[in-house]
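Numbering of ligands and ligand atoms starts at 1, following listing order.
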Amino acid sequence: MEKTAVQTPYYVVEEKLLKENLEKLKYVIDKTGCKILLAQKAFSMFSVYPTIAQYLDGTTASSLFEAKLGKEKFGKETHIFNPAYDPRDFEEIVSLADHIVFNSVEQWQRFRFQVEKADHPVQCGIRLNPEYAEVETDLYNPCFTGSRLGTTLANLEGKDVSGIDGFHFHTMCEQNSDVLKRTIPHIEEKFGKYLKEAKWINLGGGHHITRQDYDMETLIQCILYLKEKYQVQIYLEPGEAVVLNTGFLVSTVLDITQNGLDIAILDTSAACHMPDVLEMPYRPEIIGAGKPEEKKYTYRLGGPTCLAGDVIGDYSFDKPLEIGSQVVFCDMAHYSMVKNNTFNGINLPSIAIHHTSGELEIVRRFRYTDFMMRLS
Ligand SMILES: *Cc1c(COP(=O)(O)O)cnc(C)c1O
């Protein structure tokens, strides 16, 4: 990436790469007749929703605000799942949603009468927990022992679900289709008789469909298998896969210091601008950089906050970094803008689109008032 005159830090989404991902998702839609929704929890950069809406069927939301954003900025189908609906939000949720997925039969019974009064058709679903997942980190595993997400078979049996239109499963995280293939028998064994009555099955997110080594044909087989066996519409709602490897976070070196090793302090922060680096944790790739000592000049990269652990990682470069050098982090579209914060009063990165025409458009800049208005 060339050094740009745009003020850093900024997130930039490459329209060309986004469209390449969307073409892959569209291929799945065309091959199977499934519907694919954008999970806004991962990515809510609504300035590119019109582009995404050319390929996908709608959005899914985790809250009233996300549902409202999806409805207003994306259109098409609006779905929502929430572990427990707040009665104060529910009337507005009904007015926005096409599908409402409940975490338990009790939640559905509690709100059912409100859904039935809606002035447009609203489908109701229950999220099920097949108690099978292959996610290693509990933080990201919806089926860990004691999980509050989804209804287990023990909690479903004996309850009247007539009136429920479909079922929802979300058990995966950044996984290939072999995991889905191994999950389906568990779903069927526990919930097969319920699926026979359903109009649709939503297979949630966590499908890493746009990753280079993703096995698309196995996904297609899984979808067609369920669709034909149960005579249902299949939905997928990936978040990460929609924008995987389409975004960057561009930052500038503010200072260089030494303490046993060379340390570069950037104008972007792990704690504020890429929280998953600390939370997951993981090491983001940097354009032109290698592992420590792999290239000639190694630095520890840290952020401008006072948090001691605001460290992105150790990286090596062919040329020494200087004050003013740009450092570009890869794969920064998902779970970044939606999770960032202004801890320490650090400003949020601007948001930009690099259009296929070559134009770099800054769609949002943040300022002091954005920080101040969240506080009082
Ligand atoms: C997080 C989430 C998604 C999206 O997951 P990705 O890992 O970003 O694909 C979809 N559906 C539900 C219910 C979720 O909680």
Donor-acceptor contacts, no H, no angles, side chain residues 151-167, under 3.5 Å, sequence neighbours left out:
from, atom 1, to, atom 2, distance (Å)
Thr151, OG1, Asn103, O, 2.8
Thr152, OG1, Asn155, N, 3.4
Thr152, OG1, Asn155, ND2, 3.4
Lys159, NZ, Glu106, OE2, 3.0
Lys159, NZ, Asn155, O, 2.6
Asp160, OD1, Ser162, N, 2.9
Asp160, OD1, Ser162, OG, 2.6
Asp160, OD2, Ser162, OG, 3.3
Asp165, OD1, Lys199, NZ, 2.5
Asp165, OD2, Cys124, N, 2.8

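Residue Leu37 is found in a hydrophobic cluster whose other members, listed by chain and number, are Phe81, Val101, Leu149, Trp200, Tyr235; membership requires side-chain heavy atoms under 4.5 Å apart, directly or through intermediates.
Every residue was checked against the side chain to side chain donor-acceptor pair (under 3.5 Å) condition with Lys296, not counting sequence neighbours, and none meets it.
Remark: Arg283 is positioned above the aromatic ring of Tyr315, its terminal NZ or CZ atom under 6.0 angstrom from the ring centre and at most 45 degrees off the axis.
Close placement of the Phe102 and Tyr85 rings is indicated, their centers lying within 6.0 Å of each other.
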Using a 3.5 Å cut-off on N/O to N/O, what pairs does ligand 1 make with the protein? A line per pair would be great.
from, atom 1, to, atom 2, distance (Å)
ligand 1, 7 (O), Gly206, N, 3.4
ligand 1, 8 (O), Gly239, N, 3.4
ligand 1, 8 (O), Glu240, N, 2.9
ligand 1, 8 (O), Tyr335, OH, 2.6
ligand 1, 9 (O), Gly206, N, 2.8
ligand 1, 9 (O), Gly239, N, 2.9
ligand 1, 11 (N), Glu237, OE2, 2.7
ligand 1, 15 (O), Lys41, NZ, 2.8

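Between Tyr132 and His186, the ring planes are parallel. Angles under 30° get that label, and only those over 60° would be called perpendicular.
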